[in-house]
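The figures that follow rest on heavy atoms only: side chains count, while hydrogens, waters and symmetry mates do not. Letters A, B, ... are given to chains in the order of the sequence lines, protein chains preceding strands, and every chain is numbered from 1.
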Amino acid sequence: MEQLGELELLMEKSFGEETTLPADLFQKKVVSSFPKTVLTQGMDNRYLVLAVDVVQNEEGNHEKQLIITASQSLEYKERCILRNDWCSIPVEPGDIIHLEGDCTSGTWIIDEHFGYLILYPDMLFSGTSIASSIRCMRRAILSETFRSSDPATRQMLIGTVLHEVFQKAISDSFAPEKLQELAFQTIQETKHLKEMYRLNLNQDEIKQEIEEYLPSFSKWAGDFMHKDTSADFPQIQLSLPTNGSKNNSTCNIEVVNSVDIEESIWSPRFGLKGKIDVTVGVKIHQGSKTKYKVMPLELKTGKESNSIEHRSQVILYTLLCQERRADPEAGWLLYLKTGQMYFVPANHLDKRGELLKLRNQMAFFSFHRISKSVSGQKTQLASLPQIIEEEKTCKYCSQMGNCALYSRAIEQQMEHNSVPVVMLPKIKEETQHLKLTHLEYFSLWCLMLTLESQSKDNKKNYQNIWLMPTSKMEESGNCIGNLIRTKNVKAIGNGQYLHHFQRKNGSIPVTNLMAGDRIILSGEERTLFALSRGYVKGITMTTVTCLLDRNLSVLPESTLLRLDQEEKNCDIDTPLGNLSKLMENTNVSKKLRDLIIDLQEPQFIPYLSSVLPHNAKDTVACILKGLNKPQRQAMKKVLLSKDYTLIVGMPGTGKTTTICTLVRILYACGFSVLLTSYTHSAVDNILLKLAKFKIGFLRLGQTHKVHPDIQKFTEEEICRSKSIKSLALLEELYNSQLIVATTCMGINHPVFSRKTFDFCIVDEASQISQPVCLGPLFFSRRFVLVGDHQQLPPLVLNQEARALGMTESLFKRLEQNKNAVVQLTVQYRMNSKIMSLSNKLTYEGKLECGSEKVANAVIILPNFKDVKLELEFYADYSDNPWLIKVLEPNNPVCFLNTDKVPAPEQVEKSGVSNITEARLIVFLTSVFIK
DNA sequence: TCTCTGCCTAGAGGA
């Protein structure tokens, strides 16, 4: 922002001290928090708050007055007055807000009758999240933070299946035999079978429970759909805000059709997002008049509570619907157990406004996760919303552990903190198994992860997708607009649809988008924003193929579409979830806390004979024959370990071979193994080697990310080829495999909720951050980390997080325990001269060549003499005798100093480049190839 | 000073 001078002037002149940030802080906040937010007016208006003042109006009531601007130059200022409850919104100078309502002569008035203020509108919150905040705001925030702590339950599975059956039926038929068929078909889907496995349920019981609901489905359809005359439809007392009359009137309700299923909507106007179970077309017959409305229908399978939470969800959906079509003003809440349907009006006054205020509170807490302490510049985690004083509510809360942990480890360490006294014993009880060191570890990692996630957030401009026109976005290379659908949409199964697109005129512009990238598909029209998500399957000069989560064939063929790259959503959920799990009061977590946080010395058993099964001895001996000495030591160490082993894989020492051999030995001994790494390619490299040894394995993870030769071992492929349609078959698959392979992040898979492995092997461990590396370790008795901390550490972008120690991998941390470490020192990649370089610089002379052959190997250049001769024709060759030294096979290492060439570096947007050095390398390579 | 990879996700219900 270049207008600092003006801004400074503005702040000094217009506003009172207590509400004004110093200009430099103000500028810093705006730049770091809202990079490139385009201030605009109109439908998607974005205002910057310049100043906040609380004043008393004529009636003696408090109101908040904001000075705001929607002009990038900060030139045109407007006022916004917040009255009544809106006055309590925690809005500060430097914040970005969105306003709904009327602006009369430069003044917006938001009160209980009209208008909304949306704080940080580009943060979208889901309907369920906001609804859950009604009871406990703290829990809503904790649930967003520690997503994986909310456990899966039987009721949830039943709910999901019933939703699906109803959704299929409404676009097909509610005839009893059809419903039976749909139910049967649905519980055979792999995704549901996997959940049944996770929860250790019985498929027949689930089927029976589903079937109990079906008569109510038919009853509802009989009541509300397909009748002869309008008078036959059920009567409901209702009033719609725009109907004029304020009184309830009796109407007959007819559900005509389903307009959409699982419609997914993002609303950058209200700062909301969500999925609508069923979007229904409804005829409201009132006397002789009939009104047709498209409205949200929310399905519930639990108790018929008609609770505020349920109704609130519907009300929020009426706001979401406005992104696509006219305000529905009301929605429906249907309880599938009884077939009872409730009318939910969404008045401005007491309903929508209240919920948006809650949304604003959530936005405030989500935005302010970090605080600088008042005294110094110390960065720390901020307090969460207050703990409520309702033991009843807390009793069943799935976030209780995190709530107590956060209070104890973070909030109670602050100067000012207030915990309800009645809750103190509960917090103590929940955390009494933790030592101070554990609380400190949690607090530090929580802070570092939060810092890191924020630094990444700053780089992404998520809101560009909705605030920037296609033409502008295309320049960045992350968007392709002006597309039309070609060919038919193909349903691939498990909710994926293959789409083909073509530029309406001309070819696809220059783009960053590649196969495998996650994308968001929108129509060019505003009402078709974020219709579907998916990923690019293939891209050519003229066409793009995508796998999307919705079938877009319902749209007219001429609809202009655009693809936006989905901003890389840096995964803070997995590491935070692992961190929270590490603090749980379980034996597995306790052991890991002892080993990792308190660095308890790892134990080993003395004799191999006690672990090696008798019948495996010969096989193991045979496998060991092919190994060098340090590799054999590594095998032995792992077999003897009771806790963990670290294998240092120095460059060229056959790390992959070692892991592969280790797996073979463990397999031969009958141990179950979990094989993981940070990247898919590292996992597959091991599997490619392993595939030769008749070892059965199950590769988890998205099939398209897996190496083509390994894809036949992925779960998806196995389920398809073996046609797995029952829980029994799935269980057989999961239980028969000894080796399970996946990335460290892929640990959310149902197998892990029921299986414990004897060993977990983590490759690339020195490049993985601690809380991520932790994930797979919960599922095994012992673990082996393979890595080399002399090579790259985990990537940490945030400077503060780096300073706090976030680049320390688990591998490096545990390396302090020397007795757990084996070093692979025999290498096969480099001759002795090349080796001595890294050996002297970093490996303390520990590296050795695998054989004489390796030590003395030199490059064979069959045309060396000819090329030399040829080069002598070039004048600059004889002028530059350095080149002969480079080519000379007996001179395998040489340094080329490019300082005087000159070869200056160039700073570019994504790093540094050196064109001259690149040219030299191309030249040298081409000469070598010759 | 440099390195850039993983995740399907909003809502399934309980009180």
Side-chain angles (χ1 to χ4, degrees), chain A residues 124-132 134-136 139 143-144 147-148 150-164 191-192 195 199 262-266 272-277 298-303 305 307-310 313 316-317 320 335-337 390-398 456 459 494-496 516 518-519 532-535 547-549 566 568-575 577 676-683 701-702 704-705 742-749 764 767-769 772-773 775 791-797 802 807 905 907 910-912:
Chain A
L124 309 185
F125 292 88
S126 74
T128 40
S129 214
I130 295 167
S132 80
I134 296 171
R135 201 173 277 268
C136 176
R139 188 203 148 153
S143 278
E144 293 251 305
R147 298 189 140 269
S148 55
D150 287 323
T153 63
R154 176 199 180 94
Q155 289 90 335
M156 286 181 188
L157 172 62
I158 301 273
T160 310
V161 172
L162 284 169
H163 271 69
E164 239 174 76
K191 58 179 175 188
H192 299 312
E195 280 309 298
L199 297 162
E262 288 281 306
E263 190 180 21
S264 165
I265 307 179
W266 287 0
L272 300 174
K273 62 184 168 187
K275 285 184 179 173
I276 296 168
D277 284 338
E298 170 67 15
L299 308 176
K300 293 289 173 198
T301 46
K303 218 196 234 171
S305 63
S307 63
I308 298 183
E309 279 92 333
H310 289 173
Q313 232 178 305
L316 288 165
Y317 294 155
L320 282 180
Y335 289 92
L336 292 176
K337 210 171 232 169
E390 280 177 54
E391 282 174 83
K392 257 193 212 158
T393 308
C394 298
K395 197 175 162 191
Y396 298 98
C397 178
S398 55
K456 282 181 185 168
K459 295 208 165 172
N494 74 70
Q496 292 190 311
R518 298 203 66 83
I519 43 110
S532 173
R533 312 167 84 181
Y535 63 88
L547 274 175
L548 301 175
D549 60 359
E566 183 162 19
K568 281 168 193 166
N569 165 31
C570 90
D571 194 353
I572 187 181
D573 293 348
T574 306
T676 75
S677 178
Y678 186 48
T679 61
H680 287 284
S681 65
V683 173
Q702 288 168 278
H704 72 278
K705 301 243 174 168
T742 184
T743 63
C744 287
M745 307 283 251
I747 48 159
N748 210 9
H749 192 279
E764 298 183 310
Q767 290 178 57
I768 313 172
S769 80
V772 173
C773 193
Q791 295 176 39
L792 289 175
L795 181 71
V796 177
L797 294 175
R802 234 183 292 141
T807 54
E905 282 175 345
V907 179
S910 56
V912 172

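- Remark: the backbone N or O of A:Leu548 is not paired with any side-chain donor or acceptor of A:Arg533 at under 3.5 angstrom.
- Atom CD in A:Glu144 sits roughly 13 Å away from atom P in B:dT9 (whole-Å rounding).
- When the nucleotides B:dG13, B:dT3, B:dC7 are ranked by their closest atom to the side chain of A:Pro793, B:dT3 comes out on top.
- A:Thr679 and A:Glu764 form a side-chain donor-acceptor contact under 3.5 Å, judged by distance and modelled atom types alone.
- Considering only side-chain atoms of A:Tyr396, the nucleotide from B:dT3, B:dA12, B:dA15 that sits closest is B:dA15.
- Looking at heavy-atom distances under 4.0 Å, A:Gly534 makes no contact with the nucleic acid at all.
- The side chain of A:Met156 lies closest to B:dA12, out of B:dA12, B:dT9, B:dG14.
- For the 3.5 Å distance criterion, the side chains of A:His680 and A:Gln702 fail to qualify, holding no donor opposite an acceptor.
- Backbone-only engagement by A:Thr743 is indicated by non-hydrogen atom pairs under 4.0 Å involving sugar-phosphate atoms exclusively.
- Closest contact between the side chain of A:Met745 and the listed nucleotides B:dG11, B:dG14, B:dG6 involves B:dG6.
- Atoms CZ and OH, from A:Arg518 and A:Tyr535 in turn, are 8.5 Å apart once rounded to the nearest 0.5 Å.
- Look at the C1' atom in both B:dA12 and B:dC8: the space between them is 15 Å, to the nearest Å.
- Residue-level contact check: A:Gln313 touches the backbone only, with heavy atoms under 4.0 Å from sugar-phosphate atoms and none from bases.
- As a whole-Å value, the separation of A:Asp150 CG from B:dA15 P is 15 Å.
- If you check every strand for non-hydrogen atoms under 4.0 Å, A:Phe125 touches nothing.
- With rounding to whole Å, A:Gln791 atom CD is found 22 Å from B:dT1 atom P.
- Taking OG1 of A:Thr128 as the start and CD of A:Glu298 as the end, the distance is 9.0 Å to the nearest 0.5 Å.
- Side-chain contact annotation: A:Asn748 with A:Ser148, donor-acceptor N/O pair under 3.5 Å absent.
- Each of B:dC7, B:dG13, B:dG14 was ranked by its minimum atom distance to the side chain of A:Lys303; first place goes to B:dG14.
- In terms of position along DNA chain B, the nucleotide closest to A:Ile276 lies nearer the 5' end than the nucleotide closest to the other residue of the pair A:Lys337 and A:Ile276.
- Looking at heavy-atom distances under 4.0 Å, A:Thr153 makes no contact with the nucleic acid at all.
- Residue A:Lys395 is classed as having no contact, given no heavy-atom separation below 4.0 Å to the nucleic acid.
- Computed from coordinates, the A:Glu566 CD to B:dT9 C1' distance equals 9 Å when rounded to whole Å.
- The side chain of A:Gln155 approaches B:dG14 more closely than any other nucleotide in the set B:dG14, B:dC4, B:dA10.
- In this structure, A:Tyr317 reaches the B:dG11 phosphate: one of its side-chain N or O atoms is under 4.0 Å from OP1 or OP2.
- In this structure, the CZ atom of A:Arg147 is 9 Å from the P atom of B:dT9, given to the nearest Å.
- Contact annotation for A:Asp277: backbone-only contact, meaning every heavy-atom pair under 4.0 Å involves sugar-phosphate atoms and none involves a base.
- No contact: A:Lys392 has no heavy atom under 4.0 Å from any strand.
- A:Arg518 has its CZ atom 8 Å from the P atom of B:dC8, to the nearest Å.
- Atom-to-atom, CD of A:Glu195 to P of B:dG13 comes out at 14 Å; the value is rounded to the nearest Å.
- Distance from the side chain of A:His163 is smallest to B:dG13 among B:dA10, B:dG6, B:dG13.
- Between A:Arg135 and B:dG14, a side-chain N or O to OP1/OP2 separation shorter than 4.0 Å is absent.
- Rounded to an integer number of Å, the gap from NZ of A:Lys300 to P of B:dA15 is 14 Å.
- Here A:Ser126 lies in heavy-atom contact (under 4.0 Å) with sugar-phosphate atoms only.
- A close approach under 4.0 Å does occur between a side-chain nitrogen or oxygen of A:His680 and OP1 or OP2 of B:dC7.
- When heavy atoms are screened at a 4.0 angstrom cut-off, A:Glu309 is found touching no nucleic acid atom at all.
- No side-chain donor from either of A:Thr742 and A:His749 sits under 3.5 Å from a side-chain acceptor of the other.
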